[in-house]
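Sequential numbering from 1 along the given sequence is applied to the chain's residues. It should be emphasised that the depicted structure is a prediction, and the values quoted were computed from it without experimental measurement.
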Amino acid sequence: MDSLLSPQALVSLAAQVGTPFYLWSATTLRARFDLVATLVAAPGLSARYAMKACSTKRVLDEVRARGFWIDAVSGNEVLRAMRAGFPGGSAPPVVMLSADVFRDNALAVIRETGVLPNIGSPGQIDELAAAGLRGDIAMRL
């Protein structure tokens with residue numbers, strides 16, 4: 001067992017950072033990401049990372065290093081992805097904002113960054129139009 005994961009090491013770490021805390025293994029993450037990368041290696045396939053799983057910069061760096069794209073569920077996640085080095089715009093749609101309801105800054109972020117909105121209901125088309133947005137959209141069926 002890795003000494004970092006010994007019970008004594010975990011108790012010491014908890015005393016330093018407080019609880020609860022998350023401890024990620026870069027080796028495990030890289031191995032899982034590499035496996036996904038092999039699954040989408042064929043032409044025309046791509047993988048999207050759901051940022052709601054974990055949006056820390058170090059994890060996003062690993063995602064970006066493998067050429068994965070981002071599935072964000074909020075305007076703030078889009079902005080966080082862009083701060084981590086993912087491009088805005090929709091050609092190609094590296095960052096996509098998937099939402100059933102546009103909350104907080106979502107419409108403004110779509111308008112300002114040009115990311116592809118991935119909507120869950122036809123009614124959202126009217127919201128996008130009312131916000132002055134024109135262009136491509138994705139729709140989950």
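To the nearest 0.5 Å, atom CG of residue Leu97 and atom CD1 of residue Ile119 are 11.5 Å apart. Distance NZ/Lys52 to OG/Ser74: 10.5 Å, rounded to 0.5 Å. Taking CD1 of Ile125 as the reference point, atom CE of Met139 lies at 5.0 Å (rounded to 0.5 Å). Between the CD atom of Glu112 and the CG atom of Leu79 there is a distance of 8.0 Å, given to the nearest 0.5 Å. Here the straight-line distance linking atom CE of Met96 with atom CZ of Arg48 works out to 3.5 Å at 0.5 Å rounding.
Crowding of Tyr22 atom OH: a count of heavy atoms from other residues, nucleotides or ligands under 6.0 Å not exceeding 12. Within 6.0 Å of the CZ atom in Arg32, the count of heavy atoms belonging to other residues, nucleotides or ligands does not exceed 12.
Minimum interatomic distance between Gly75 and Asn105 (heavy atoms only, all atoms of both residues): CA-OD1, 3.4 Å. Closest non-hydrogen pair, Asp136 versus Leu116, comes out as O-CD1, 3.5 Å. In this structure, Ile110 and Pro117 approach most closely via the heavy-atom pair CD1-CB, 3.8 Å. Nearest heavy atom pair, residue Ser46 against residue Trp69, reads OG-CE3, 4.2 Å. Closest non-hydrogen pair, Phe68 versus Ala37, comes out as CZ-N, 3.7 Å. Nearest heavy atoms, Phe21 versus Leu10: CZ-O, 4.3 Å.
Among residue pairs with one or both ends in residues 113-122, those qualifying as side chain to side chain donor-acceptor pair (under 3.5 Å) are Ser98-Asn118; sequence neighbours excluded.
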Step by step, would you call Arg140 with Asp100 a salt bridge (Lys or Arg N to Asp or Glu O under 4.0 Å)?
CA-CA 9 Å; Arg140 297 181 313 283; Asp100 292 322; 2.5 Å; yes
May I have the step-by-step check of side-chain contact (heavy atoms from CB on, under 4.5 Å) for Met51 and Asp71, ending in yes or no?
CA-CA 6 Å; Met51 279 187 62; Asp71 185 38; over 6 Å; no
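Side-chain N or O atoms of Ser90 include none that pairs as donor or acceptor with a backbone N or O of Pro93 at under 3.5 Å. Under a 3.5 Å cut-off, the side chain of Glu62 and the backbone N or O of Arg58 do not form any donor-acceptor pair. When atom types are taken as modelled, the side chain of Thr38 and the backbone of Leu35 share a donor-acceptor pair closer than 3.5 angstrom. In this structure a side-chain-to-backbone donor-acceptor pair under 3.5 Å is missing from Arg111 to Leu133. A donor-acceptor pair is defined here as one N or O able to donate and one able to accept, closer than 3.5 Å; no such pair exists between the side chain of Tyr49 and the backbone of Arg64.
Neither side chain, Asp104 nor Asn76, offers a donor N or O lying under 3.5 Å from an acceptor on the other.
Two residues are said to be in side-chain contact when any heavy atoms from C-beta on lie closer than 4.5 Å; Leu60 and Phe86 meet this criterion. Contact check for Glu77 versus Ile70: no side-chain heavy atoms found under the 4.5 Å cut-off. Using a 4.5 Å cut-off on side-chain heavy atoms (C-beta onward), Val63 and Phe33 make contact.
Taking Lys57 as the reference, Asp61 meet the salt bridge (Lys or Arg N to Asp or Glu O under 4.0 Å) condition, with sequence neighbours excluded. Here Arg83 pairs with nothing under the salt bridge (Lys or Arg N to Asp or Glu O under 4.0 Å) rule; sequence neighbours left out.
Criterion: ILVMFWY side-chain heavy atoms under 4.5 Å apart, direct or through other members. Under it, Trp24 and Val17 are not part of a common hydrophobic cluster. Under the 4.5 Å side-chain heavy-atom criterion for ILVMFWY residues, no single connected hydrophobic cluster contains both Val109 and Val101. Neither Val40 nor Leu29 shares a network with the other; the hydrophobic side chains, linked directly or stepwise wherever heavy atoms of I, L, V, M, F, W or Y lie under 4.5 Å apart, form separate groups for each. One hydrophobic cluster, built from ILVMFWY side chains closer than 4.5 Å, cannot hold both Val73 and Met82; they sit in different ones.
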